[in-house]
S.K.: 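Before we start, here is the structure in question, set down as structure tokens.
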Amino acid sequence: MKIGTPKEVFDGENRVAMTPDSAKQLQKLGYECAIEAGAGAKAGFADADYEAAGVEVVKTAAALWKTADIIAKVRQPNDAELKRLAKGKTLISFFNPAGNDAGMETAKAKGANVIAMEMVPRISRAQKMDALSSMANIAGYRAVIEAGNNFGRFFTGQITAAGKVPPAKVLVVGAGVAGLAAIGTSTSLGAITYAFDVRPEVAEQVESMGAEFVYLDFEEEQQDGAATGGYASVQSEEFRNAQLAKFRELAPEVDIVITTALIPNREAPELWTKDMVEAMKPGSVIVDLAAEKGGNCKLTVADEKIVTENGVTIIGYTDFPSRMAAQSSSLYATNIRHMMTDLTPEKDGQINHDMEDDVIRGATVTFEGEITFPPPPPKVQAIAAQKKPEVKELTPEEKKAQEAAAFKAQTKQQVTLLAVGGALLLGVGLVAPASFMQHFIVFVLAVFVGFQVIWNVSHSLHTPLMAVTNAISSIIILGALMQIGSGSFLVILLAALSVFMAGINIFGGFLVTRRMLAMFQKS
């Protein structure tokens, strides 16, 4: 079978669904590859590069659609392209099935099989085919680059001979794939980065990337991610009000806002209102990655960059991945190639459209003259359901009984240790001389007391504690003072040295203790 890629007809689209590298991999699966002349030019892939990779370069789109059994594209096909479908052909592309009933009806009437890349289920096995995540990753990165291009200062703080430059403050709303990419780029450029998401469990990911997670003083039970395909769920009105109040508090402080909040098949939620824009400083920048679905910012205009009366730049571009066409094409072509690998288990160049496979079934929207959208939920959940352990509240009587049991267990342990220690001392006393036992008992008691004292001290205080212990242990100075009046010159010399060194230990110990404790005091 032959897999072909036409030139994208969507205005301003620079990506291509096949690269020379992906074509080589597709040929290893047994497929012949073809591409329309000039299809990869805007992404930096010349026709000569494809020919060198063994790809047939076809002059016209009509010829390509006619000869190819499988069509791989990027953008949703238009009416003219849909008419070129035929029975037995397979189309792999972004298709927008939730808002493209006419397209699905046309594909059904033509008898073509359509695989929508945005419908790949978000399960572990399908990550290599998840084109939405691939493109979101690029969009998040590019959003920060666009923000920096329109922001009049450095991201990182600097202290120079010409003066001090404060670091930029960036707020990323939504910590999905695009949000995390934006956070990583922003922190690597040196900005102070804040991030918010309705899923508090992503706070650990945000903080691990060097950003500060913005918490709300509001708790709401979250729908399990398995039910939403890994996306955030819709929140209550009370939660939304608390969220907007927090954003109004942050608006005057931040320099750059990047919004990424979007739930599939829904309009983008409005998170950055007009009054928030008005509260921002002149020169601030908002990049709205949800502009294609109406935007998270009230003032966003799709595919345009506007400047408000108070000097805030709002960027509503919908083609961020296309602005990095070479990188986007490479990742998307790899997603297509992995999809073809699953469709070709025998590597014989023949599609095996297994509708029992979770990934293939989930992404298929029309199959053998039938519309198969929406798909059933995958057998493997996107995110394993996490059951929160129920903590039973103890009654006063149960608490009292629990404390009594713990006290009894502790007492029993201590009595056992003392009994064992006493027996060991008695055993040693039966064979050791009395003079030895006097010193040995003092030693054992000193060890016991020292252990009990140090065991209950906080780790942060161990250093000052040891410094004081050193000072107290310098009681040996008394022995040196008793010997300093001896008639022997050697004894007097050694005693003087002992006093000198013990004095250093005493004064040094207390000095170190004082300085260490000062570190824990607020000035």
S.K.: Considering only residues two or more places apart or on different chains, which pairs with a residue in residues 156-215 satisfy ring pair (Phe, Tyr, Trp, His ring centres under 6.0 Å)?
M.R.: Phe196-Phe247, Phe213-Tyr215
S.K.: For a side chain to side chain donor-acceptor pair (under 3.5 Å) check, start with the C-alpha distance between Thr344 and Tyr31, then their side-chain angles and the critical distance, and finish with the verdict.
M.R.: CA-CA 10 Å; Thr344 321; Tyr31 292 103; 2.4 Å; yes
S.K.: So, taking the atom named OG1 in Thr341 and the one named CG in Leu26, what distance separates them when rounded to the nearest 0.5 Å?
M.R.: 7.5 Å
S.K.: Could you walk me through whether Arg122 and Ser133 pass side chain to side chain donor-acceptor pair (under 3.5 Å), step by step?
M.R.: CA-CA 9 Å; Arg122 286 195 160 179; Ser133 292; 3.1 Å; yes
S.K.: Side chain to side chain donor-acceptor pair (under 3.5 Å) with Arg125: which residues, sequence neighbours excluded?
M.R.: Asp342, Asp357
S.K.: How many angstroms lie between CE in Met117 and CG in Leu91, if you round to the nearest 0.5 Å?
M.R.: 11.0 Å
S.K.: Show me, pair by pair, the donor-acceptor contacts under 3.5 angstrom made by side chains of residues 158-171, not counting sequence neighbours?
M.R.:
residue, atom, partner, partner atom, Å
Thr160, OG1, Ala162, N, 3.2
Thr160, OG1, Gly163, N, 3.3
Thr160, OG1, Gly163, O, 3.0

S.K.: Counting C-beta onward and ignoring hydrogens, is there a side-chain heavy-atom pair between Met340 and Ile351 closer than 4.5 Å?
M.R.: yes
S.K.: If you measure from the Lys or Arg side-chain nitrogens to the Asp or Glu carboxylate oxygens, is any gap between Lys73 and Glu8 under 4.0 Å?
M.R.: yes
S.K.: What residues, two or more places apart in sequence or in another chain, satisfy salt bridge (charged side-chain N to carboxylate O under 4.0 Å, His left out) together with Asp275?
M.R.: Arg248
S.K.: Rounded to the nearest 0.5 Å, what separates atom CE in Met135 from atom CD in Gln327?
M.R.: 8.5 Å
S.K.: Between the side chain of Ser329 and the main-chain N/O of Ala326, is any donor-acceptor distance below 3.5 Å?
M.R.: no
S.K.: Once side chain to side chain contact (heavy atoms under 4.5 Å, CB included) is applied, do any residues pair with Asp49, and if so which ones, sequence neighbours excluded?
M.R.: Pro20, Ala46
S.K.: Output the distance between atom CD1 (Ile92) and atom CD1 (Ile115), rounded to the nearest 0.5 Å.
M.R.: 4.5 Å
S.K.: Without hydrogens or angle criteria, can the side chains of Ser134 and Asn335 be said to hold a donor-acceptor pair below 3.5 Å?
M.R.: yes
S.K.: So do the side chains of Ser93 and Pro77 get within less than 4.5 Å of each other, counting heavy atoms only?
M.R.: yes
S.K.: Do Ser186 and Thr193 get their side chains close enough for a donor-acceptor pair, meaning under 3.5 Å?
M.R.: yes
S.K.: If you look only at distance, which donor and acceptor atoms sit under 3.5 Å apart when one is on a side chain in residues 137-148 and the other is two or more places apart or in another chain?
M.R.:
residue, atom, partner, partner atom, Å
Arg142, NE, Glu146, OE2, 3.1
Arg142, NH2, Glu146, OE2, 3.1

S.K.: Tell me if a side-chain donor or acceptor on Gln27 pairs with a main-chain N or O of Ala53 at a distance below 3.5 Å.
M.R.: yes
S.K.: Just wondering, do Asp255 and Met280 contact through their side chains at under 4.5 Å, heavy atoms?
M.R.: no
S.K.: Kindly indicate whether the side chain of Phe10, heavy atoms from C-beta on, has any atom under 4.5 Å from the side chain of Val74.
M.R.: no
S.K.: Stepwise, does the salt bridge (Lys or Arg N to Asp or Glu O under 4.0 Å) test hold for Arg240 with Glu238?
M.R.: CA-CA 5 Å; Arg240 174 177 162 76; Glu238 292 80 7; over 6 Å; no
S.K.: Quick one: pull up OG1 in Thr313 and CD1 in Ile256 and give me the separation to the nearest 0.5 Å.
M.R.: 10.0 Å
S.K.: If the threshold is 4.0 Å, N to carboxylate O, is there a salt bridge linking Arg361 and Asp354?
M.R.: no
S.K.: To the nearest 0.5 angstrom, please state how far the CD1 atom of Ile286 sits from the NZ atom of Lys298.
M.R.: 14.0 Å
S.K.: Output all residues satisfying side chain to side chain donor-acceptor pair (under 3.5 Å) with Thr300, sequence neighbours left out; order by chain, then residue number.
M.R.: Asp288
S.K.: Sequence neighbours left out, what passes ring pair (Phe, Tyr, Trp, His ring centres under 6.0 Å) with Phe154? Give chain and number order.
M.R.: none
S.K.: Any donor-acceptor pair under 3.5 Å linking the side chain of Thr260 with the backbone of Leu289?
M.R.: no
S.K.: Report yes if the side chains of Val257 and Val172 come closer than 4.5 Å at any heavy-atom pair, otherwise no.
M.R.: no
S.K.: Under 4.5 Å between any side-chain heavy atoms of Lys305 and Ile314, yes or no?
M.R.: no
S.K.: Going by the rule side chain to side chain donor-acceptor pair (under 3.5 Å), which residues pair with Asn100 if we only count those two or more places apart in sequence or in a different chain?
M.R.: none
S.K.: Sort and list the pairs that fulfil ring pair (Phe, Tyr, Trp, His ring centres under 6.0 Å) and have at least one residue in residues 286-311, not counting sequence neighbours.
M.R.: none
S.K.: Would you please name every residue forming a side chain to side chain donor-acceptor pair (under 3.5 Å) with Thr5, sequence neighbours left out?
M.R.: none
S.K.: Is there a side-chain contact between Asp21 and Arg337 in this structure, where contact means two heavy atoms from C-beta onward sitting under 4.5 Å apart?
M.R.: no
S.K.: Please list all pairs passing the ring pair (Phe, Tyr, Trp, His ring centres under 6.0 Å) test where one or both residues lie in residues 313-335, with sequence neighbours left out.
M.R.: Phe94-Tyr332
S.K.: Are Glu118 and Asn96 side-chain neighbours, meaning at least one heavy-atom pair lies under 4.5 Å?
M.R.: yes
S.K.: Does Lys83 NZ have over 12 foreign heavy atoms under 6.0 Å away?
M.R.: no
S.K.: Check this for me, if you would: do Arg84 and Glu81 make a salt bridge, where the nitrogen-to-carboxylate-oxygen distance has to be below 4.0 angstrom?
M.R.: no
